[in-house]
Amino acid sequence: MASIALKNVSKSFGGREVISSLDLQIERGELVVFVGPSGCGKSTLLRLIAGLEEVSSGQLLIDGRDATQLPPAWRGLSMVFQSYALYPHMSVRDNIAFPLKMAGRDKETIERKVNEAARVLNLQDYLDRKPRELSGGQRQRVAIGRAIVREPVAFLFDEPLSNLDAALRVNMRMEIAALHRQLGATMIYVTHDQIEAMTLADRIVVLNAGRVEQVGSPLELYRRPATLFVAGFIGSPRMNFINGAEASRHAATTIGIRPEHLSVSTTAGRWQGKVSLAEHLGSDTFVHVEVAGLGAIAARAAGGLDVRHGDTLWLTPDESCLHRFDEQGRAIGA
Amino acid sequence: MASTHNGATARLMLSPAVVLLLVWMAVPLAMTLWYSLHDYQLLMPRGNEFVGLENYVYFLTDPAFFQSLANTLALVMGVLTITVAGGIGLALLLDRPMYGQGIVRVLVVSPFFVMPTVSALVWKNMFMNPVNGLFAWLAQVFGMRAIDWLAEVPLLSLTIIVAWGWLPFATLILLTALQSLDAEQQEAAKMDGANSFARFVHITLPHLARPIAVVILIQTIFLLSVFAEILVTTNGGPGNQSTNLAYLVYSQALLRFDVGSASAGGVVAVVLANILAIFLMRLVGKNLES
């Protein structure tokens, strides 16, 4: 297992800078998730680490050794691609064995390692099938199998679950988490899905327009977002942002309050408004309330709350959970 | 009820095409079979009597037959080898981004649009001519004896001429196939430690297996009946050195005016082409499945 360090790394495509002077330290055995909206540079960053793109300037260290100029195969990393990138004409066995074959390992070792990987990933019954005969989840496992047989110093995942349906995604997410515990491997995982990021990560790196917005554990990001962007990106449903007089009262340009930190009442409270939409999920009810002077505010209420479009509601923010931001969108105090 | 009605309508709608095909194919084939069993010589009209399989015996025991058969196979194999190997090479080169890509691609494809008679004459007179040809001049520059291509290596010369015309076809199909190769597969192979040669062997070639099979099948069909190039360059000579089956049938029919044995030759050629087709389908057809 290796640590990976990025020092002042930049990447431009034809004059357009997509990653600008980025510093990042990833510790051994850590599962780090790069998360951000599409086009934020998270996939590019992963490809820079993998060696599939060349770094424009800066340094990449793997276990303290300079790997900036190393070809991909020499970095000792494995990557799982969004499209799985399985070799369609090879059986599952040959797909998993391919990196070992390329490394010139002997037949016995290859056989043993492929069987071992198949056992870990529950693929024993599919070894002689072709990728096209497998379901999405099985293909995903083959791609992971191909990654683990090399015994890489770190795993790279490029949105590996985005082609799976919702139920399978939850399953595979747990499998990847289990694999991480089992192998104790350094993993870098790219996703645009903040729920995947929150559930999997030891640490999350939130990227926006080629810059690191904030690095921290999932709960740190949730509790103390450093910027407006992180505050809006982490947490579901999104945090409510309020500008104007109400914000000035708290000596801030913008204040933010999460839907779960608003208490909802049908009788009394701080802000009065009309329900524009009530989403009854059973366990919770999400109400969207139109508050005069503040705009639309989302709040989470108990599942039993029986309100409809047009009803009047009162919302009261939990002052201790209020986030304050200055003009540049940076968090104040906290 | 509806389905039988539809079936009848469908058959009715299909019938013009079917009738046309039958008239187009079955009638000439039947006539060829008929002539092949008769003594039908344009120079000696002797009443076209029925001679049984005599024309076949005559055609199959003609020493020119075996040579033309060998020549046909050699021509097909030679052109296939050059076009498939060259086509892969050119397609790999053209797949890379470069300056002036569009124009280069048009230029590479253009030989396919030159009609065989024209291209063969250009090759014959401008390249392979032992006095005025470019190759003769090149040989002279290096102090070598000029080769009279069409006289000394007629079959090789023909192979080169025909291959030049078919290379764009192979290149075009293989290039299209290359462009559909998933870039992530290549990147995955890179991460897996495959160098460019290993990537070519393990990723690119298997991906090209199907288009290569298509190229081989289609080209074989057309290459079995190469004729124009032979007619305007060597006329099958010297001797029978560059005569293939198509040309042999032509020479029987329109040089010796022996319609009977030419028809027998035509039937033999059809049978041989079918044998070859079955053989080919077995060999490369499994690539076309799934």
Side-chain angles (χ1 to χ4, degrees), chain A residues 14 43 46-47 49-53 70-91 94-105 110 129-133 139 142-160 163, chain B residues 84-85 87-88 91-92 95-102 170 173-217 281-290:
Chain A
S43 279
L46 192 75
R47 291 166 61 81
I49 295 171
L52 296 172
E53 301 282 354
L70 279 185
W74 294 11
R75 300 187 181 197
L77 307 170
S78 278
M79 185 151 165
V80 175
F81 290 84
Q82 183 172 7
S83 69
Y84 317 134
L86 300 178
Y87 311 127
H89 53 278
M90 295 184 200
S91 65
D94 291 340
N95 261 287
I96 298 177
F98 189 72
L100 298 171
K101 219 169 110 188
M102 287 299 111
R105 309 294 285 270
I110 293 179
R129 294 212 193 159
K130 291 276 169 68
R132 65 167 176 274
E133 298 164 311
R139 284 180 205 183
V142 176
I144 294 174
R146 196 173 60 184
I148 63 177
V149 284
R150 289 185 65 201
E151 293 170 359
V153 297
F155 290 91
L156 311 176
F157 291 93
D158 188 8
E159 307 213 15
N163 287 341
Chain B
V84 169
I88 293 173
L92 284 173
D95 195 33
R96 298 178 164 250
M98 58 173 170
Y99 186 72
Q101 200 165 34
I173 291 198
L174 296 175
L175 178 62
T176 319
L178 268 187
Q179 284 167 344
S180 72
L181 179 54
D182 182 14
E184 282 199 343
Q185 264 178 47
Q186 293 274 11
E187 289 177 344
K190 254 187 228 176
M191 301 280 306
D192 284 345
N195 58 27
S196 45
F197 178 72
R199 285 204 301 279
F200 175 71
V201 172
H202 294 288
I203 312 294
T204 311
L205 264 191
H207 178 74
L208 290 180
R210 207 187 285 201
I212 288 175
V214 170
V215 165
I216 289 177
L217 276 176
M281 288 301 274
R282 284 269 170 84
L283 201 68
V284 295
K286 66 173 190 288
N287 275 323
L288 296 176
E289 281 161 19
S290 83

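Below, chain A is the first sequence line, B the second, and so on; all start at residue 1.
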Report task. For A:R75 and B:M191, indicate whether the former's side chain and the latter's backbone hold a donor-acceptor pair under 3.5 Å. Result -> no
Query raised in the report: How long is the span from the CE atom in A:M102 to the NZ atom in B:K190, to the nearest 0.5 Å?
Result: 15.0 Å
Query raised in the report: Do B:P206 and A:M90 come within less than 4.5 Å of each other through their side chains, counting heavy atoms only?
Result: no
Query raised in the report: So what's closer than 4.5 Å to chain A heavy atoms on B:A183: side chain, backbone, both or neither?
Result: neither
**Report entry** Rounded distance (nearest 0.5 Å) linking atom OH of A:Y87 with atom NE2 of B:H207
**Finding:** 14.5 Å
Query raised in the report: So what's closer than 4.5 Å to chain B heavy atoms on A:S78: side chain, backbone, both or neither?
Result: backbone
Query raised in the report: Quick one: of A:P88, A:G51, A:A147, who has the most non-hydrogen atom pairs under 4.5 Å with chain B?
Result: A:P88
Requested in this report: Measure the shortest side-chain to side-chain distance between A:R47 and B:E187 over non-hydrogen atoms and say whether it is less than 4.5 angstrom.
Outcome: yes
Query raised in the report: Under a 4.5 Å heavy-atom cut-off, does chain B meet the side chain of A:L86, its backbone, both or neither?
Result: backbone
Query raised in the report: For the rings on B:H202 and A:F98, is their centre-to-centre separation under 6.0 Å?
Result: yes
Query raised in the report: How close do A:A85 and B:D182 get, heavy atom to heavy atom, and via which atoms?
Result: CA-OD2, 4.4 Å
Query - Segment of A:L52 engaging chain B (4.5 angstrom heavy-atom cut-off) - result: side chain
**Report entry** Gap between atom CD1 of A:I96 and atom CG of B:D192 - 0.5 Å precision
**Finding:** 11.5 Å
Query raised in the report: Quick one: what part of A:A103 sits under 4.5 Å from any heavy atom of chain B, side chain, backbone, both or neither?
Result: neither
